[in-house]
Amino acid sequence: MRTAMRPTACGLAIALCMVATAGAGPAPPRYPSPLSFAPFRIVDPAEEVALARSAAPPSISGDAEILTLGRQGYETAVKGANGFVCLVDRSWSKPFDDPEFWNPAIRAPECLNAAASRSVLPIVEERARWVMAGVPKAEILKRTRAALAAKTLPTPAPGSMVYMMSKQGYIADGAAPHWHSHVMFYLPLTPAAAWGANLPGVPVFHADDDVIGITTFFVLAPKWSDGSSAVMEMK
């Protein structure tokens, strides 16, 4: 039986750091700054498109816009018709102090609705452009904090949400091999109590990202995007 896990604060408000951390101290660095970003890319574009679509049921992802990671950042591979945007996020969306920030194995499929695509996706895309341009992590953090201070960083539009229901994703070395199927809702910084999150028996978890001023509420889903049952365990 899979052990229930609680989310820690996630960089860019996406669920890439869903690992059990209760009582654990800081992990030692395991992934140094990469000399090449080739390992972070998926060679076959069709494979990346299929993985991105696996984030949500076909009724959503089948008509969504699909982004793939190119040499300069995310690019449109398939035009959409329903306002959703699906992509495979990478490790640099984790918190800046996460030991897996440069883990090339991370593949996090997600499908954002129109509101999140307008207001949260630009943050994801900008960070990817900086990374692929070789901007050091310390400089990315500095730029992000400056944008937050200047109030030029986008804030989540009302109703912003994203599907992360892929059984094929790999979001962390300790996720064994998947975290729960779930959907996420983005808000400006909001206390967990507002949603009753993180309480025993509640299928809602909460994480703040103070660097970008976003709270994510994670709501567990009973099925994977392919329709198969997903284990739902709560503490």
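- For the 3.5 Å distance criterion, the side chains of Tyr170 and Asn103 fail to qualify, holding no donor opposite an acceptor.
- Side-chain contact check for Ser36 versus Pro34: every heavy-atom pair is 4.5 Å or farther apart.
- Side-chain N or O atoms of Tyr74 include one that pairs as donor or acceptor with a backbone N or O of Val88 at under 3.5 Å.
- For the pair Arg107 (side chain) and Gly169 (backbone), a donor-acceptor distance under 3.5 Å is absent.
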(message) Tyr31 vs Asp173, test: side chain to side chain donor-acceptor pair (under 3.5 Å). Steps then yes/no.
(response) CA-CA 12 Å; Tyr31 297 97; Asp173 287 346; 2.6 Å; yes

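- Judged by distance alone, with hydrogens and angles left aside, the side-chain atoms of Asp208 form no donor-acceptor pair with the main-chain N or O of Asp210 at under 3.5 Å.
- In this structure the side chain of Arg53 reaches within 4.5 angstrom of the side chain of Ile66, judged on heavy atoms.
- For Ser181 (side chain) and Lys223 (main-chain N/O), a donor-acceptor pair under 3.5 Å exists by modelled atom type.
- Between Ala116 and Met161, the shortest heavy-atom contact is CB-O, 3.5 Å.
- Side chain of Thr76 to backbone of Val78: no donor-acceptor contact under 3.5 angstrom is found.
- Side-chain atoms of Ser228 and Lys167 form a donor-acceptor pair, as typed in the model, at a separation below 3.5 Å.
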(request) Could you walk me through whether Leu153 and Ile123 pass side-chain contact (heavy atoms from CB on, under 4.5 Å), step by step? (result) CA-CA 8 Å; Leu153 205 65; Ile123 303 174; 4.3 Å; yes

(request) Begin from the C-alpha positions of Leu148 and Val211 and carry the test side-chain contact (heavy atoms from CB on, under 4.5 Å) through to its verdict. (result) CA-CA 7 Å; Leu148 182 65; Val211 175; 5.9 Å; no

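- Side chains of Leu220 and Phe205 form a contact here, defined as non-hydrogen atoms less than 4.5 Å apart.
- Of the possible polar contacts, one joining the His206 side chain to the Thr190 backbone as a donor-acceptor pair under 3.5 Å is found.
- In terms of modelled atom types and a separation under 3.5 Å, the side chain of Thr68 and the main chain of Glu48 share no donor-acceptor contact.
- Every residue two or more places apart in sequence or in another chain that forms a ring-ring contact (aromatic ring centres under 6.0 Å, His included) with Phe40 is listed here: Phe37, Trp92.
- When the shell of 6.0 Å around CZ of Arg41 is examined, it contains more than 12 heavy atoms from other residues, nucleotides or ligands.
- Scored by the ring-ring contact (aromatic ring centres under 6.0 Å, His included) test, Trp195 finds Phe185, Phe217 as partners (sequence neighbours excluded).
- Put simply, the side chain of Ser117 gets close to the backbone of Asn113: a donor and an acceptor are under 3.5 Å apart.
- Side chains of Arg90 and Leu69 form a contact here, defined as non-hydrogen atoms less than 4.5 Å apart.
- Side-chain atoms of Ser54 and Ser225 form no donor-acceptor pair, as typed in the model, at a separation below 3.5 Å.
- When side chains are defined from C-beta on, Ile212 counts as touching Thr144, because their heavy atoms get closer than 4.5 Å.
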(message) Could you go through Val135 and Arg143, starting from their C-alpha distance and side-chain angles, then the distance that decides it, and tell me whether this counts as side-chain contact (heavy atoms from CB on, under 4.5 Å)?
(response) CA-CA 10 Å; Val135 178; Arg143 293 181 185 183; 3.9 Å; yes

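- No side-chain heavy atom of Glu65 sits under 4.5 Å from any side-chain heavy atom of Leu87.
- Residues Pro154 and Pro122 share a closest heavy-atom pair of CG-CB, 4.5 Å.
- Contact detail for Arg71 and Met132: the closest heavy-atom pair is O-CB, 3.4 Å.
- Leu121 and Val131 fall within the same hydrophobic cluster, where Ile, Leu, Val, Met, Phe, Trp and Tyr residues are linked whenever their side-chain heavy atoms come under 4.5 Å apart, directly or through other members.
- Val85 and Ile42 sit in two unconnected hydrophobic clusters of ILVMFWY residues. Membership requires side-chain heavy atoms under 4.5 Å apart, directly or through other members.
- Between Phe101 and Phe96, the ring center distance clears the sub-6.0 Å criterion.
- Between atom CD of residue Glu110 and atom CD1 of residue Ile171 there is a gap of 11.0 Å, rounded to the nearest 0.5 Å.
- Under a hydrophobic clustering in which Ile, Leu, Val, Met, Phe, Trp and Tyr are joined whenever their side-chain heavy atoms come within less than 4.5 Å, directly or via other members, Val49 and Met165 fall into different clusters.
- Of all heavy-atom pairs between Ala207 and Phe218, the closest is CB-CE1, 3.6 Å.
- Judged as a side-chain hydrogen bond (donor to acceptor under 3.5 Å, both in side chains), and not counting sequence neighbours, Glu47 has no contacts.
- The nearest pair of heavy atoms linking His182 to Met184 is CD2-CG, 3.4 Å.
- Closest non-hydrogen pair, Cys111 versus Ser61, comes out as SG-CB, 4.1 Å.
- In the hydrophobic clustering of ILVMFWY residues, with side-chain heavy atoms under 4.5 Å counting as a link, Ile60 and Leu51 come out apart.
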(request) Evaluate side-chain contact (heavy atoms from CB on, under 4.5 Å) for Tyr186 paired with Thr215, printing each intermediate quantity in order. (result) CA-CA 6 Å; Tyr186 303 134; Thr215 287; over 6 Å; no

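- A distance of 13.0 Å separates CD1 in Ile140 from CZ in Arg145, rounded to the nearest 0.5 Å.
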